Amino acid sequence: MRIASWNLNSIRSREAHLLRWLGEAKPDLVGLQETKVEDSLFPRAGLEAAGYQAAISGQKSYNGVALLSRQPLEDLRIGFEALLPGDSEAQQLGEQKRVISGSLEGVRIINLYVPNGSDLKSDKYSYKLAWLACLKRYLAVQRQQGEAFCLVGDFNIALEDRDLHNPARLTGGIMASEPERQALRACLDDDLHDAFRLFEPDTGHWSWWDYRSGAWDRDRGWRIDHLYLSEELQARALRSVIHKQERGQEKPSDHAPVSVDISDEVDDEADEEADDGFMDQ
DNA sequence: ATGCCCATGTAACATGGA
């Protein structure tokens, strides 16, 4: 099973990119972020023609998440409030559409668009930290359910210095500050594993390049889009890839898609030979 | 140093992103 995540920066502006990429990468399950469209205007027709159905949670102009799948998802959950019914903060945070999850073949995918935070002195930064604290409570409930799960999305956090192009200048600032890194580590809690880092220890691999300052041409990027696997899925991980070529397209999103392949055989070892030749870069 | 670019909404900029 191939699971992917992509911040599209507007699905209506990027529909052609998405459809072409789906045909090339053929993911089974995709978490999308920043769809930037209310549900009634979500462009379903092209996706359905391409064999994908969409579970959506959107709003006008900002935010918005979706899950694409070839097979219908089971047990759809929208927002933190789906798992935290008595949590008033979860209710309040649900005004911004940033969380959607569903199950497929015994695997739950939780798709997130973590707030950016803007600036360390901004109210949006406190919002980001409160949001991550709520995510921790949400995951505590998820863990109690004993289901294999995959946490994907645009985290807007470079968790380690090897995840950004200029740590000397950028560490400590937004997307690389210790409080937000600590808040994300608390969510991962030693039992969620970064799929990409199972295979690639080196720096120099990015998933986001700023539109400004010629960041793409200078390869000044950050790795802020992640796929985290629970223990049972970590053992089944075959490879994880950043689909960097998508950032080089005409009128691209500022994010590249990321993906992980999970063995269908529950008893297989992680070092098993991969079963299909799709690669990038 | 600051903004650089891009999308949305609404109608020449304002807001948000990261």
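A note on names: the letters A, B, ... follow the listed sequences, proteins ahead of strands, and every chain is numbered from 1. Everything numeric in this text was worked out from a predicted model, so none of it was measured.
- Between A/Asp39 and A/Lys97, none of the side-chain N atoms (NZ, or NE/NH1/NH2) sits under 4.0 Å from a carboxylate O, so this pair counts as no salt bridge.
- A close approach under 4.0 Å does occur between a side-chain nitrogen or oxygen of A/His255 and OP1 or OP2 of B/dA18.
- To the nearest angstrom, C1' of B/dT8 lies 12 Å from CG of A/Asn63.
- One finds no side-chain N or O of A/Ser61 lying less than 4.0 angstrom from the OP1 or OP2 phosphate oxygen of B/dT15.
- For B/dA18, its base sits under 3.5 Å from the side chain of A/Arg212 at one donor and acceptor pair at least.
- For the pair A/Arg12 and B/dG9, the criterion of a side-chain N or O lying under 4.0 Å from OP1 or OP2 is met.
- Among the heavy atoms of the strands lying under 4.0 Å from A/Asn156 are primed sugar atoms or P, OP1, OP2 only; no base atom is included.
- For A/Tyr113 and B/dG16, the OH to P distance is 12 Å, given to the nearest whole Å.
- Put simply, A/Lys36 has no side-chain N or O that comes within less than 4.0 Å of OP1 or OP2 on B/dG16.
- Rounded to whole Å, the P atom of B/dA1 lies 25 Å from the corresponding atom of B/dA18.
- Rounded to whole angstrom, the span from the CZ atom of A/Arg247 across to the P atom of B/dC5 amounts to 13 Å.
- Here the separation of B/dC6 from B/dT10, taken at their P atoms, is 23 Å to the nearest Å.
- If you measure from atom CH2 of A/Trp208 to atom P of B/dC6, you get 13 Å, rounded to the nearest angstrom.
- Within 6.0 Å of CD on A/Gln71 lie no more than 12 heavy atoms contributed by other residues, nucleotides or ligands.
- By the 4.0 Å N-to-carboxylate-O rule, A/Asp28 lies too far from A/Arg2 to be salt-bridged with it.
- B/dG3 and B/dA14: their P atoms are spaced 14 Å apart (whole Å).
- Regarding contacts with the backbone of B/dC5, every side-chain N or O of A/Ser213 stays at 4.0 angstrom or more from both OP1 and OP2.
- Both A/Ser10 and A/Asp210 lie close to DNA chain B; mapped to their nearest nucleotides by heavy-atom distance, the more 5′-ward contact belongs to A/Ser10.
- The shortest distance between the side-chain N/O atoms of A/Tyr127 and the OP1/OP2 oxygens of B/dG16 is not below 4.0 Å.
- In terms of phosphate contacts, A/Arg14 brings no side-chain nitrogen or oxygen within less than 4.0 Å of OP1 or OP2 of B/dC6.
- Rounded to an integer number of Å, the gap from A/Trp131 CH2 to B/dG17 P is 13 Å.
- Of the side-chain N and O atoms in A/Lys128, none sit less than 4.0 angstrom from OP1 or OP2 of B/dA18.
- Relative orientation of the A/His243 and A/Trp21 rings is perpendicular, given thresholds of 30° and 60° on the angle between their planes.
- Dashed line: the shortest gap from a side-chain N or O of A/Asn9 to OP1 or OP2 of B/dA18 is not under 4.0 Å.
- Between A/Ile11 and A/Glu34, the one whose closest nucleotide on DNA chain B sits nearer the 5' end is A/Ile11.
- Looking at heavy-atom distances under 4.0 Å, A/Asp225 makes no contact with the nucleic acid at all.
- Counting all heavy atoms, side chain and backbone alike, A/Cys187 lies closest to A/Leu132 at SG-O, 3.4 Å.
- Note: CG (A/Asp154) to C1' (B/dG16) measures 14 Å, nearest angstrom.
- A/Trp222 and A/His165 have perpendicular rings, their planes meeting at more than 60° on a 0 to 90° scale where under 30° would count as parallel.
- Rounded to an integer number of Å, the gap from A/Phe155 CZ to B/dA18 C1' is 16 Å.
- In this structure, OH of A/Tyr62 is placed 13 Å from P of B/dA14, rounded to the nearest angstrom.
- B/dC4 and B/dT15: their P atoms are spaced 15 Å apart (whole Å).
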